[in-house]
Amino acid sequence: MIQVRLPDGATRALSPSSTPADLAKAISPSLAKRTVVAVIDGQLKDLSTPLLEDAEVELVSRDDPRALELIRHDLAHILAEAVQALWPGTQTAIGPAIEHGFYYDFDLDVPFTPEDLPVIEKKMREIIAKRTPFTSETWSRDQARAHFEAAGEPYKLALLDAIPEGEPVTVYRQGDWLDLCRGPHLRHTGDAGAAFKLTRVAGAYWRGDAKNKMLSRIYGVAFADKKTLDEHLTMMAEAEKRDHRRLGREMDLFHFEEVAPGSVFWHPKGWRLFQTLIGYMRGRQEAAGYVEVNSPDIMDRALWETSGHWQNYRANMFLTKTEDERDFALKPMNCPGHMLIYGQGTKSYRDLPLKLAEFGKVHRYEPSGALHGLLRVRSFTQDDAHIYCTPEQLTEECLKVNDLVLSIYRDFGFEDVRIKLSTRPENRIGSEESWDRSEDALRTALETAGHAYTLFEGEGAFYGPKLEYVLRDAIGRDWQCGTLQVDFNLPERFGTTYVAASGDKLPPVMLHRALFGSLERFTGILVEHHAGHLPLWLAPVQAVVATITQAADPWAAEVATSLSAAGLRVETDLRNEKIGYKVREHALKKIPVQIALGAREAENRTVTIRLHGSDKTETLSLEDATTSLVQASRPPSTTIASCI
RNA sequence: GCUGCUGUAGCUCAGAGGUAGAGCACUCCCUUGGUAAGGGAGAGGUCGAGAGUUCAAUUCUCUCCAGCAGCACCA
């Protein structure tokens with residue numbers, strides 16, 4: 001007999017080679033019915049796994065979070081069986097469980113179309129209804145090779161070869177269909193359940209490599225129950241509603257044109273928001289000791305050869321040849337320009353740290369398929385800065401940047417910030433000493449600040465290690481915004497130096513940093529994060545003064561002038577429309593403050609205020625309203641409390 | 001860039017081998033109305049671009065451009 005210990009500490013004696021399924025049955029029939037998979041000594045295993053010696057066993061029911069990934073994995077197999085049943089001869093590649101669902105990659109002559117999905121889904125539901133058991137078999141490599149060769153499954157043969165020597169080769173069978181698979185699986189196809197939906201077809205490279213053939217991928221979402229699936233689908237629909245491309249149009253912020261793919265046409269309101277961001281950042285940077293500069297947009301090829309961009313980055317650059325055959329390039333980055341500004345005159349250690357900031361517009365010829373609204377564009381404005389300092393100052397400067405960037409994100413309501421630290425790659429320049437010092441400086445900055453980070457060893461740029469700041473947006477997408485990088489390369493290429501206290505000319509340490517990263521991208525993230533309901537201090541139009549009757553027009557003009565004079569961004573709506581019509585329209589445009597004025601207000605010199613998201617109104621004197629609105633429209637880090 | 005899909009009025013979309021339609025938005029008129037759509041009239045389109053087939057193409061075919069989804073890319 002073998003002893004099996006359960007999570008509650010109880011032990012049970014079973015005959016050798018009993019399975020967790022036997023165990024469940026021995027405890028109670030209802031438990032046996034519920035149990036779909038087992039954790040044996042900490043590892044998820046099939047219920048049919050024979051127990052050969054003493055073990056700790058936990059029986060897992062279908063609604064356990066640990067079963068969800070297996071539900072999704074089961075569905076991937078079922079999807080593949082359905083596809084091969086409908087299109088015999090289709091080759092299968094890989095089909096894993098992923099966040100929210102699963103996918104399977106196929107190779108077939110005619111790719112799937114969206115119309116195929118309901119057909120496949122129907123077939124899958126038939127397979128599920130059969131409740132066919134999943135059974136595992138361990139095969140020899142030769143047996144597996146022979147099988148998949150005969151089956152005409154070249155991708156499976158490739159996967160087979162990728163299994164390390166010494167590891168067992170297992171296949172999972174469901175009726176007549178089988179797949180090379182590590183497992184585990186649930187009991188039978190019925191355990192996969194009905195709470196799934198095939199969502200899209202897409203191309204995907206074999207093994208994720210663009211040099212390989214493109215396969216046809218089918219994606220599905222899946223959850224343990226219908227309710228969670230519906231919630232997920234509702235959430236996706238919500239996410240679509242707050243898509244910044246749609247909101248940007250509805251709020252009249254910007255648009256795109258075919259003649260300038262990937263470049264933004266900013267409308268007055270969008271540009272005002274953009275400039276508000278720049279104004280805010282300018283204030284924070286000035287307070288932090290930065291000086292602002294500006295460098296040319298178009299510079300000669302010679303500069304880009306010095307910086308190395310011509311050799312390494314040309315495919316991503318917009319190039320231009322003038323009438324006299326001279327090669328220029330639009331700057332894809334600001335750093336070379338800043339090197340030239342630094343290079344003017346002799347710099348002393350007394351000048352350091354020197355922090356050159358620029359709201360520079362850079363142009364990069366991004367692949368067409370990468371473009372995505374404001375979030376991935378071909379010309380964008382960076383809140384870029386380069387910090388030149390001595391090696392001794394490095395750690396402190398990194399710490400200051402880190403403090404600044406996190407403080408700024410908090411002001412925008414982004415508390416969920418992940419930081420990635422990427423360290424020395426195989427191909428690199430610079431001494432080990434420099435790398436030690438730089439990686440140390442970045443790590444110390446993070447540890448001093450007490451912020452968690454993820455280490456990406458070997459992922460740094462060839463010229464130095466870097467930090468990347470990743471914000472999670474409302475749809476749960478992660479967007480890299482800020483970056484802090486140490487650079488050994490450019491000072492060397494440009495022969496940049498400072499005069500040290502000793503009188504020696506030494507190369508400065510150079511830091512690249514951008515906090516918003518791209519103003520365009522940051523604007524898009526902000527719009528999605530707030531679902532268009534921008535906080536008062538950012539809203540391009542903070543208040544609309546709308547009249548109820550024409551008799552209030554003069555008072556409306558006076559109120560608007562007064563609020564504008566107090567620094568608020570105000571528009572008036574004197575149109576010949578009912579107040580309900582005006583309220584609806586301005587609510588749809590997400591204007592934070594609506595001020596309605598009728599005969600009563602005009603007579604008493606008062607205003608009636610309605611805040612976005614509320615249907616309550618409040619009437620108060622113009623003076624009180626102004627004070628309150630001015631107070632509420634300050635950026636967070638410069639205000640103590642908002643009072644409206 | 002790759003795979004698939006899409007491109008008709010400012011927006012959302014319908015339509016058909018014989019040169020186009022709805023709702024909203026827009027303009028004008030009536031209405032001066034108290035917190036999410038008052039009524040009437042009108043204007044608006046080289047049907048993404050180019051080529052081909054056809055008596056005839058916005059519709060069919062091809063090429064290109066752009067967008068969308070995914071993949072790859074992302075200093």
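Numbers restart at 1 for each chain; the letters A, B, ... are given by sequence-line order, proteins then strands.
- Straight-line distance between the C1' atoms of B:U32 and B:G38: roughly 12 Å, to the nearest whole Å.
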Open item on the list: Can you give me the dot-bracket string for RNA chain B, 5' to 3', counting Watson-Crick and G-U wobble pairs with both distances under 3.5 Å, using [ ] for crossing pairs and | for partners on another strand?
Closed with: (((((((..((((....[..)))).(((((.......))))).....(((((..]....))))))))))))....
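- The side chain of A:N312 lies closest to B:A75, out of B:U35, B:A75, B:U12.
- Distance, A:Y365 OH to B:G1 C1': 10 Å, rounded to whole Å.
- Across all strands, A:E459 comes closer than 4.0 Å to no nucleic acid atom at all (heavy-atom distances).
- Considering only side-chain N and O atoms, A:R521 lies nowhere under 4.0 angstrom from the phosphate OP1 or OP2 of B:C74.
- OP1 and OP2 of B:A72 both lie 4.0 Å or more from every side-chain N or O belonging to A:R207.
- At a threshold of 4.0 angstrom between heavy atoms, the contacts of A:A551 with the nucleic acid are absent.
- Here B:U35 is the nucleotide among B:U35, B:G70, B:G4 with the atom lying nearest to any side-chain atom of A:A596.
- Residue-level contact check: A:Y219 touches the backbone only, with heavy atoms under 4.0 Å from sugar-phosphate atoms and none from bases.
- Here B:A75 is the nucleotide among B:G38, B:A75, B:G70 with the atom lying nearest to any side-chain atom of A:M333.
- Atom pair A:R378:CZ and B:G1:C1' shows a separation of 10 Å (rounding to whole Å applied).
- Residue contacts for A:P367: at a heavy-atom cut-off of 4.0 Å it reaches a base atom on one of the strands shown.
- Contact annotation: A:Y581 reaches the phosphate of B:A25 (side-chain N/O to OP1 or OP2, under 4.0 Å).
- Between A:Y205 and B:C73, a side-chain N or O to OP1/OP2 separation shorter than 4.0 Å is absent.
- If you take CZ of A:F112 and C1' of B:G4, they are 12 Å apart, rounded to a whole angstrom.
- Distance A:Q594 CD to B:G34 P: 17 Å, rounded to the nearest Å.
- Side-chain N/O atoms of A:S216 include none lying less than 4.0 angstrom from OP1 or OP2 on B:U3.
- For A:H309 against B:A75, a side-chain-to-base donor-acceptor contact under 3.5 Å is present.
- Between B:U46 and B:U58, the distance separating the two C1' atoms is 10 Å to the nearest Å.
- Comparing B:U32, B:G1, B:U35 by their nearest atom to the side chain of A:S368 picks out B:G1.
- Per the geometry, CZ belonging to A:F462 stands 9 Å off C1' belonging to B:A75, to the nearest Å.
- A gap of 14 Å separates the P atoms of B:G21 and B:A9, to the nearest Å.
- For A:R584 against B:A37, a side-chain N or O and a base N or O form a donor-acceptor pair under 3.5 Å.
- As judged by a 4.0 angstrom heavy-atom cut-off over every strand, A:G580 is placed among residues touching the sugar-phosphate backbone only.
- Counting only heavy atoms from C-beta on, A:R245 has its side chain closest to B:A69 among B:A69, B:G33, B:U32.
- Considering only residues two or more places apart in sequence or on other chains, A:Y463 meets the side-chain hydrogen bond (donor to acceptor under 3.5 Å, both in side chains) condition with A:Q485.
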For residues 208-216 of chain A, run the donor-acceptor check on the side chains, cut-off 3.5 Å, and write out each pair with its distance to 0.1 Å, sequence neighbours left out.
| from | atom 1 | to | atom 2 | distance (Å) |
| --- | --- | --- | --- | --- |
| A:D209 | OD1 | A:K211 | N | 2.9 |
| A:N212 | ND2 | A:W206 | O | 2.8 |
| A:K213 | NZ | A:D107 | OD1 | 3.1 |
| A:K213 | NZ | A:D107 | OD2 | 3.1 |

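- A close approach under 4.0 Å does not occur between any side-chain nitrogen or oxygen of A:R575 and OP1 or OP2 of B:U27.
- The gap from the P atom of B:G42 to that of B:C47 amounts to 25 Å, rounded to the nearest Å.
- Scanning atom types as modelled, no donor and acceptor separated by under 3.5 angstrom connect the side chain of A:E366 and the base of B:G1.
- Counting non-hydrogen atoms under 4.0 angstrom, A:L588 reaches a base of the nucleic acid.
- Across B:C73, B:A36, B:G70, the shortest atom-to-atom separation from the side chain of A:R610 is found for B:A36.
- Separation of the C1' atoms belonging to B:A37 and B:G1 is 47 Å when rounded to the nearest angstrom.
- By the side-chain contact (heavy atoms from CB on, under 4.5 Å) test, A:R314 is found to be paired with A:W310, A:L319, residues two or more places apart in sequence or in another chain being considered.
- Checked by atom type and distance alone, the side chain of A:R521 pairs as donor or acceptor with a backbone atom of A:Q480 at under 3.5 Å.
- Geometrically, A:R200 does not engage A:F112 in a cation-pi contact defined by less than 6.0 Å to the ring centre and at most 45° from the axis.
- Remark: P of B:G4 and CZ of A:R200 are 17 Å apart, rounded to the nearest angstrom.
- With A:K355 contributing its side chain and A:Y388 its backbone, the two residues share no donor-acceptor pair below 3.5 Å.
- Under 3.5 Å, the side chain of A:R376 and the base of B:C74 form at least one donor-acceptor pair of N or O atoms.
- No side-chain donor-acceptor contact under 3.5 Å links A:T549 to the backbone of A:G598.
- Between A:E115 and A:P261, the residue anchored nearer the 5' end of RNA chain B, judged by the nucleotide with its closest heavy atom, is A:E115.
- For A:R72 and A:F102, the positive end is not near the middle of the six-membered ring at less than 6.0 Å and at most 45° from its axis.
- Annotation: B:A66 and B:G50 have their C1' atoms spaced 15 Å apart (nearest Å).
- You'll find that the side chain of A:V583 is closest to B:A36, out of B:U3, B:A36, B:C11.
- Applying the 4.0 Å criterion to OP1 and OP2 of B:A69, one finds that A:H372 has a side-chain N or O inside that range.
- Closest contact between the side chain of A:T608 and the listed nucleotides B:A75, B:G70, B:U35 involves B:U35.
- Residue A:A461 is out of contact with every strand shown, counting any heavy-atom pair closer than 4.0 Å.
- For A:R378 and A:Y365, the positive end sits near the middle of the six-membered ring, less than 6.0 Å away and at most 45° from its axis.
- Contacts of A:R245 classified as side-chain contact (heavy atoms from CB on, under 4.5 Å), with partners at least two apart in sequence or in another chain: A:D243, A:H372.
- Taking only side-chain atoms of A:K466, from C-beta outward, the nucleotide of B:G70, B:G38, B:A75 with the closest atom is B:A75.
- A straight line from NZ of A:K589 to P of B:A36 spans 18 Å, rounded to a whole angstrom.
- With ring centers used as reference points, A:H255 lies under 6.0 Å from A:F265.
- Taking atom C1' in both B:A43 and B:C26, the straight-line distance is 9 Å, to the nearest Å.
- Straight-line distance from the NZ atom of A:K211 to the C1' atom of B:G1: 13 Å, rounded to whole Å.
- When heavy atoms are screened at a 4.0 angstrom cut-off, A:R600 is found touching base atoms of the nucleic acid.
- Taking atom C1' on both B:C55 and B:U19, the two are 15 Å apart, rounded to the nearest angstrom.
- Every residue meeting the side-chain contact (heavy atoms from CB on, under 4.5 Å) condition with A:I298, not counting sequence neighbours, appears here in chain and number order: A:T320, A:F328, A:L330.
- When each of B:G33, B:U35, B:G1 is scored by its nearest atom to the side-chain atoms of A:T549, the top-ranked nucleotide is B:G33.
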